[in-house]
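Below is one structure, written out as C-alpha cells; comments come after it.
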Amino acid sequence: MATINGKDIHKLVVACDAGMGSSVMLASTLRKQLGKSGVTVEHTPVNSIPADADVVVCHSGLAARARLVAPDKPIVPFQIFLGDPAVTRVVKAIQQGTDLNV
C-alpha cells in the first residue's frame with residue numbers, strides 16, 4: 001500500500017477507457033470541489049496517463065491497466081462515478097492535507 005499526503009498532490013488525473021465520457025463528468029466535479037486547493041484536475045484515456053500526474057483516479061475495472069501505464073503513481077480505483085467513498089477520500093486528503101493510503 002502506497003501513501004501520499006494531500007499537500008503533495010498538485011495534479012490529479014481522472015482516467016477512463018476513452019477519456020471522453022465518464023471521466024469528463026468526474027473531472028468537472030472534482031475541479032469544483034478542489035477549486036480552492038490549487039490542484040490541477042485533468043481527464044485522459046487510461047493508456048495516456050501523463051508522467052506528471054501525482055495521483056490517478058479510475059474505475060476499478062481499469063485499475064490494472066492504469067498500473068501498467070503508470071506503475072510509479074498512486075492509483076485510486078472507484079466503483080461509482082459520483083459519490084464514491086474512494087473519490088471522497090482523495091478530496092478530503094487534498095483539502096485537509098492528510099495522508100491518502102492507496
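Nothing fancy with the numbering, it's 1 onward along the sequence. Basis for what follows: all heavy atoms, side chains included, without hydrogens, waters or symmetry-related copies. Bear in mind the structure is a predicted one, so any value in this text is a computation, not a measurement.
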Taking side chain as C-beta onward, heavy atoms only, is [X] less than 4.5 Å from [Y]?
X     : Y     : result
Arg65 : Leu62 : yes
Thr40 : Leu12 : no
Leu30 : Val90 : no
Cys16 : His43 : no
Val39 : His10 : no
Val57 : Val87 : yes
Val41 : Gln33 : no
Thr29 : Leu82 : yes

[X] side, atom [atom1]; [Y] side, atom [atom2] - distance, nearest 0.5 Å:
X     : Y     : atom1 : atom2 : answer
Asp8  : Ile94 : CG    : CD1   : 10.5 Å
Lys7  : Gln96 : NZ    : CD    : 12.0 Å
Lys73 : Ile4  : NZ    : CD1   : 8.5 Å

Can you name the closest pair of heavy atoms from [X] and [Y] and give their distance?
X     : Y      : result
Pro74 : Val102 : CB-CG2, 3.4 Å
Ser60 : Pro77  : CA-CB, 3.8 Å
Ser48 : Thr44  : O-OG1, 3.1 Å
Gln79 : Asp84  : N-OD2, 2.8 Å
Val56 : Ala15  : CG1-CB, 4.1 Å
Thr98 : Lys92  : OG1-O, 4.1 Å

Scan side-chain atoms only and decide if Asn101 and Thr3 contain a donor-acceptor pair under the 3.5 Å cut-off.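 Judged by distance alone, the side chains do pair up.
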Can a salt bridge be assigned to the pair Lys11 and Asp52 using a cut-off of 4.0 Å between side-chain N and carboxylate O?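 Answer for the salt bridge query: yes.
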Co-membership, hydrophobic cluster, residues Val46 and Ile80, 4.5 Å side-chain: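 Shared cluster, no.
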Same cluster or not: Ile49 versus Leu68, using hydrophobic residues (I, L, V, M, F, W, Y) connected whenever any side-chain heavy atoms lie under 4.5 Å apart?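 Per the 4.5 Å side-chain linkage, Ile49 and Leu68 are not co-clustered.
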Would you call the rings of Phe81 and His59 parallel, tilted or perpendicular, where under 30° means parallel and over 60° means perpendicular?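 The rings of Phe81 and His59 lie parallel, inter-plane angle below 30°.
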Side chain Asn5, main chain Gly97, donor-acceptor under 3.5 Å: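 The answer is yes, because a donor-acceptor pair under 3.5 Å joins these two groups.
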Step by step, would you call Leu100 with Arg89 a side chain to side chain contact (heavy atoms under 4.5 Å, CB included)? CA-CA 7 Å; Leu100 174 65; Arg89 284 187 304 112; 3.6 Å; yes
